[in-house]
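Presented below is the structure to which this report refers.
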Amino acid sequence: METKLRAVLPDNELLRLHEQMLLSREFEESCAEQYTKGHITGFLHLYSGQEAVAVGATAGLHLDDYILSAYREHAQAIVRGAEPRRVMAELFGKATGVCKGKGGSMHLFDPSLNFMGGYAIVGGQFPVAVGLAFSAKYRGEDRIAACFFGDGAVNQGTFHESLNWARLWELPVLFICENNFYGIGTEVHRSSALSSIHRRTCGYDIPSEKVDGMDVIAVYKAVKYAAEKVRETGRPHFIEAVTYRFRGHSMADPAKYRSAAEHEMWKARDPIPAFAKRLLEEGIATQAQLDAILAKAQATVADAVRFAEESPWPDASAVWEDIYV
Amino acid sequence: MSEMTYRDALNLAMKEEMRRDPSVVVWGEDVALYEGSFKVTRGLLAEFGEQRVLDTPISENTIVGVAVGAAMGGLRPVAELMTVNFALLAMDQIINHMAKIRFMFGGQTFLPMVVRMPGGGGSQLGAQHSQSLESYFMHCPGLRIAYPTTPADAKGLLKSAIRDNNPVIFLEHELLYNSKGEVPEDPEYLVPFGKASVMREGTDVTIVAYARMSLLALQAADVLEKEGVSCEVIDLRTLNPLDTETFLASARRTGRAVVVEECWRTAGLGGDIAHRIHEACFDTLLAPVGRVAGLDVPMPYSREIEKLCIPRVETITQAVKGVMQWQPT
Ligand SMILES: Cc1ncc(C[n+]2csc(CCOP(=O)(O)OP(=O)(O)O)c2C)c(N)n1
């Protein structure tokens with residue numbers, strides 16, 4: 001039997017999880033629209049479908065904890081607290097963006113939130129997370145590094161180097177794999193000899209578990225538990241959250257490699273309506289409240305787009321800035 | 001001042017900086033217990049302990065990447081790659097991360113880190129262990145690059161590198177580790193980045209070189225002096241920032257220049273430096289800028305043919321004579 005939501009978190013926090021998932025979804029769908037209009041260019045990898053992972057996981061971490069991610073990281077940044085306005089402006093390439101328009105969709109960064117970056121090189125963030133964890137341990141700080149990555153990234157050398165290293169040096173790293181079954185168009189069983197990803201960590205003596213990545217509460221509980229374990233033992237931990245992206249790999253990908261039936265099956269498990277249903281059933285929210293949350297998210301995103309549109313481009317001199325200290 | 005080897009000067013630089021600043025940490029393959037494959041980290045473990053001096057797995061990309069993360073987290077890591085040849089396995093972290101993070105994140109973070117690595121050829125180590133890859137790093141914006149020649153510079157530059165808030169590629173020449181020289185004992189002795197040293201003054205031709213090539217250039221200058229040619233020898237010390245001012249002023253004065261590089265000639269750094277001289281000094285040059293470089297071949301093992309592949313004193317004297325043949329019209 002499913003645990004009652006109220007046994008896990010107070011009402012206001014449960015509503016906040018819902019709000020964050022909705023905000024992420026609205027943000028991403030708006031990005032798709034802005035991309036179609038030509039306001040956002042370059043590679044755009046959207047997160048729709050995976051919201052329960054970013055939202056549940058972030059809720060299970062402390063604000064002091066470092067978060068690192070890959071290039072599908074808008075939700076991780078926004079849920080952590082990055083201003084949607086400044087994230088949208090970054091995607092537009094405007095000077096008001098979180099990285100002054102120099103990072104773009106794949107390189108969001110906000111040190112004031114300990115959001116230590118989106119990285120476009122598959123597997124590039126593993127060692128960086130290990131290094132941040134090292135610096136935390138070295139200085140005796142009570143913080144861990146949470147590192148998000150996809151199922152495709154686990155076949156990079158850095159994955160193996162970093163797991164080995166984190167365990168060897170006993171570093172507080174929480175590895176969070178978002179298994180959405182595809183690395184671009186290659187399904188996980190076609191790229192990984194052992195496609196049950198959480199089982200890979202036994203080679204490094206790192207405890208791991210698999211969690212339903214479409215269930216925000218399941219992710220929250222797993223991450224909270226794992227993060228506390230990491231804090232307690234100072235050793236790494238690993239979570240595989242099984243999820244699905246509703247869109248193609250990027251806006252350039254029509255996702256022809258997967259069947260409509262498969263897509264429908266996962267759509268039926270959309271984490272947002274599923275959670276809304278529970279909130280209603282358990283009397284935590286009324287439909288009117290949920291409608292208001294949706295309206296608020298839509299207004300926030302519309303405001304972000306307007307802000308991005310009205311923001312100035314970076315000055316030409318910006319290309320020479322921020323290279324050297 | 002006291003006389004010491006290039007190796008000991010580097011070692012002293014690390015010790016002094018670690019004593020001064022507890023955020024300086026050192027790691028790499030075999031740097032702690034074994035004290036470094038070239039013994040540059042000798043005594044560090046004994047003095048600073050295993051919290052600060054750490055042996056790593058053989059995982060070059062991750063050695064650099066962990067330093068990137070640690071630097072972002074506020075430490076000053078000095079990572080050693082056993083030799084520059086293995087930096088190729090770390091090129092992703094060096095080029096895509098170390099060099100880019102500050103810029104692509106809009107200046108919101110900086111990486112006070114150093115990656116030390118021995119480089120160069122000439123010890124019959126074969127093609128995979130004798131490379132000079134300085135042009136690879138120099139090509140990429142975002143990195144600082146030092147390549148000292150003398151023991152004093154080795155100390156002063158490494159100390160500056162450790163204090164620098166930019167990520168630094170610190171090259172050390174394998175054949176210079178045992179070379180000796182006077183080194184200032186002052187723990188505040190720093191050699192600034194971007195300031196070339198004029199190792200020898202001269203009036204006829206400017207030789208621009210770095211690391212071991214500068215020593216060969218000095219020897220060539222001795223030979224040439226006997227033949228009546230006066231060479232000015234400029235040791236770059238850092239390849240980024242590049243002290244263009246010093247070598248351009250010299251070339252303008254002498255009217256002739258030769259660039260000596262240990263790396264491969266094709267697309268090597270000498271092409272870039274020669275071009276800068278041509279562009280800035282075209283009106284006063286008396287001859288096209290000469291180049292001496294490594295041969296465009298993988299390094300052979302055999303001693304007799306290996307030495308043909310690396311610039312020598314004779315190749316430098318020949319190149320200088322070549323540019324001296326041009327007569328003002
Ligand atoms: C080193 C490297 N190789 C290849 C790519 C091209 N690439 C971008 S995303 C991607 C798939 C990664 O899949 P996964 O890690 O599962 O993440 P997901 O897209 O599913 O979130 C690939 C191959 C890259 N960016 N970096």
Side-chain angles (χ1 to χ4, degrees), chain A residues 66 68 90 95 97-104 106-112 116-121 123-139 141 143 145 147 156-166 168-169 171 173 314 318-325, chain B residues 22-25 27 50-52 54-77 79 89-90 92-93 95-113 140-144 164-168 193-194 240-241:
Chain A
Y66 291 121
L68 296 93
E90 186 63 35
V98 286
C99 297
K100 306 181 196 164
K102 289 175 166 180
M106 304 192 285
H107 303 300
L108 302 176
F109 189 83
D110 190 338
S112 70
M116 303 310 279
Y119 297 85
I121 302 297
Q125 73 272 38
F126 292 122
V128 182
V130 173
L132 281 160
F134 177 86
S135 71
K137 177 178 174 171
Y138 186 86
R139 302 206 283 197
E141 297 165 343
R143 49 158 55 145
C147 182
Q156 279 289 10
T158 48
F159 172 79
H160 302 277
E161 294 183 12
S162 297
L163 259 65
N164 178 54
W165 191 311
L168 187 70
W169 284 13
L171 298 177
V173 189
V319 298
W320 295 107
E321 288 163 7
D322 305 324
I323 303 172
Y324 305 104
V325 178
Chain B
S23 66
V24 179
V25 288
W27 60 65
E50 55 188 23
Q51 304 302 314
R52 298 183 67 190
L54 301 102
D55 284 321
T56 69
I58 306 165
S59 309
E60 286 78 11
N61 206 19
T62 294
I63 290 173
V64 176
V66 174
V68 167
M72 248 198 283
L75 302 185
R76 291 185 174 271
L89 285 94
D92 172 52
Q93 285 295 332
I95 307 289
N96 280 320
H97 295 80
M98 185 174 163
K100 303 292 194 299
I101 274 178
R102 178 165 175 76
F103 184 84
M104 78 185 188
F105 293 148
Q108 296 181 93
T109 189
F110 59 95
L111 302 182
M113 60 180 284
C140 175
L143 301 170
R144 292 305 195 193
D164 202 306
N165 284 333
N166 294 292
V168 179
F193 275 39
N240 182 344

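None of these values were measured; they are calculated from a predicted model. Here is the naming used below: chain letters follow the sequence lines, and residue numbers restart at 1 for every chain.
- Rounded to the nearest 0.5 angstrom, B:M72 CE and A:S135 OG are separated by 9.5 Å.
- Taking the six-membered ring for Trp and thresholds of 30 and 60 degrees, A:Y119 and B:H97 have nearly parallel ring planes, at less than 30 degrees apart.
- Contacts between B:D92 and chain A at a heavy-atom distance below 4.5 Å involve the side chain alone, from C-beta outward.
- The shortest side-chain heavy-atom distance between B:M104 and A:C99 does not fall under the 4.5 Å cut-off.
- Atom NE2 of A:H160 is separated from atom OG of B:S59 by 11.5 Å, given to the nearest 0.5 angstrom.
- Neither the backbone nor the side chain of A:E141 comes within contact range of chain B, judged by heavy atoms closer than 4.5 Å.
- For chain B, the nearby part of A:L168 is the side chain; its heavy atoms alone come within less than 4.5 Å.
- Distance check: B:I101 CD1 to A:D322 CG gives 13.5 Å after rounding to the nearest 0.5 Å.
- Note that CG of B:L75 is 6.5 Å distant from CZ of A:F134, once rounded to the nearest 0.5 Å.
- Within the 4.5 angstrom heavy-atom criterion, only backbone atoms of A:L108 (N, CA, C, O) approach chain B.
- Of the two parts of B:V25, only the side chain, counted from C-beta on, holds a non-hydrogen atom closer than 4.5 Å to a non-hydrogen atom of chain A.
- The CH2 atom of A:W169 lies 8.5 Å from the CG atom of B:D55; values are rounded to the nearest 0.5 Å.
- In this structure, the side chain of B:R144 does not engage the main chain of A:Y324 through any donor-acceptor pair within 3.5 Å.
- Using cut-offs of 30° and 60° on the angle between ring planes, the pair A:F109 and B:F105 is parallel.
- Contact of the A:P111 side chain with the B:T109 side chain is not registered, since no non-hydrogen atoms from C-beta on lie closer than 4.5 Å.
- Rounding to the nearest 0.5 angstrom, the gap separating the CH2 atom in A:W165 from the CG atom in B:L54 is 8.5 Å.
- The choice from B:I58, B:V68, B:N165 that makes the most heavy-atom pairs within less than 4.5 Å of chain A is B:N165.
- Both the backbone and the side chain of A:M116 come within less than 4.5 Å of a heavy atom in chain B.
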